[in-house]
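First comes the structure, then the notes that go with it.
None of these values were measured; they are calculated from a predicted model. As the structure lists them, so they are numbered: ligands from 1, and atoms in each ligand from 1.
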Amino acid sequence: MQSHSIYIHIPFCQHRCNYCDFNTYAGLEKLIPAYVQALQREIFLIANTMEEKLPVHTVFFGGGTPSLLPASALTQILHTLKANFAAQHDAEISLEANPGTLTENYLCELRNMGINRLSLGMQSANPRELKFLERIHDYADVIHAVQWARRAGFDNLSLDLIFGLPEQRTKVWVESLKLALELAPEHFSLYALTLEHGTPLGSWAARGLIPEPDPDLAADMYELATEMLDVAGYQQYEISNWTLASNVERRESPDLACLHNLQYWRNQPYLGLGAGAHGFANGLRTVNVLSPKAYIQRLSTSNVQPATIFPRTPATIEANSIDRDTEMRETMFMGLRLTREGVSDARFLARFGSSMRQIFAQEIQQLLDWELLMWENDTLHLTPRGRLLGNQVFMQFV
Ligand code: SF4
């Protein structure tokens, strides 16, 4: 049976940042105990639609702010996962954490329960930028979080940073990146700020109260970051992600890429559990009900459960079957995000029984002509220009 990944969504935050369009809520923390119970029930129900225990090699607690959950709640969830799935003994278990929510003791508890990868939302080292983004933490919290995480035994740390803020100066971005590099994480995720419709920041920009970010300046910042990370010994493996090429002192594995996210980019199956979570398994793309209250209600034991077919659960509100053509297109545009790995024609042929050279002959030729893609033996990659204009590439396959 093919190994799956599991994404678990925790839709709670202390404060809702003004740029965020994730499915997350401030002020609903009182729902956490019932939500944790509902999650355990969803895990049990989805696992029991299968005759055999499904092999699992990655688990990702994302949000929201998973680090708002008490350690005892995370332990219960992990326990339920391990009891209901065939989790690989060295499975990657990641948790996203807000540096403003952590203590050393909590991080020790996370490490002791088997969480082995921590992703810290640093965003910036600059106090004015953090205030502008309405983050609840400051740079000192990030330093402490990294020190405590190391003492707790975490050897796979990732830092998330945001660039391309309105009126952000390149000098300030470089300073944040330098301070982040001093913390020596194994992994970086760097994202350009997007002003999402429906967020306060999006509406302030639409009303002219703040300037729109400058896309050319953001592209320069991205290129600068790519150079700085390269010099510091990080290898880019995805448009927004970098990892230390090897870190033999701390961990034997030469590759610290996020295995969970690789599963998405390789268009491989994963279960999405929790309010608003998305999944892709058994040829279906699933979406769960958004509201945490509705989620809890749908999974309450007093509800009469409809029969579920893997990977549907009572929380599923959409399950769209993915035909071969769509799956091939998705495999192309997600795989091309992987800057090192790209999309191999041999693997495509093994998966779909046809060569991508034939299926997408026209699209590929167009992108080669525009110098956005290049061949390396039988593998198609983005060119450096293609990394900057990724959306133009992906649109060809949508
Ligand atoms: S902490 Fe993260 S998930 Fe929560 S509101 Fe801020 S950006 Fe969104």
| task | Taking the six-membered ring of Phe280 (Phe, Tyr or Trp), confirm whether the NZ or CZ of Arg285 is under 6.0 Å from its centre and within 45° of its axis. | result | yes

| said: In this structure, would Tyr264 and Leu259 fall into the same cluster of hydrophobic residues linked by side-chain contacts under 4.5 Å? | reply: no

| said: As a check for students: among Glu134, His137, Gln123, Arg135, identify the option with a heavy atom nearest to atom 2 (Fe) of ligand 1. | reply: Arg135

| message | Please determine whether the number of non-hydrogen atoms from other residues, nucleotides or ligands lying under 6.0 Å from atom CD of Gln88 exceeds 12. | response |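 Yes, enclosed.
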
| query | Hey, mind stepping through Gln123 and His137 against side chain to side chain donor-acceptor pair (under 3.5 Å) and telling me if it holds? | reply | CA-CA 10 Å; Gln123 317 314 355; His137 71 277; over 6 Å; no

| task | Give me the other members of the hydrophobic cluster that Ile162 sits in, counting Ile, Leu, Val, Met, Phe, Trp and Tyr linked by side-chain heavy atoms under 4.5 Å, directly or via other members. | result |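 Its cluster mates, by chain and number, are Tyr19, Phe132, Leu133, Leu165, Leu193, Leu195, Leu201, Trp204, Leu209, Ile210.
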
| query | Relative to each other, are the rings of Tyr7 and His9 parallel, tilted or perpendicular (30° and 60° limits)? | reply | tilted

| Sub-2.8 Å protein N, O or S atoms surrounding atom 4 (Fe) of ligand 1 | Cys13 SG

| request: Within a distance under 4.0 Å of any heavy atom of Tyr19, pick out the atoms of ligand 1 and give their elements. | output: 7 (S)

| Would you say Glu42's side chain and Gly274's backbone share a donor-acceptor pair under 3.5 angstrom? | yes

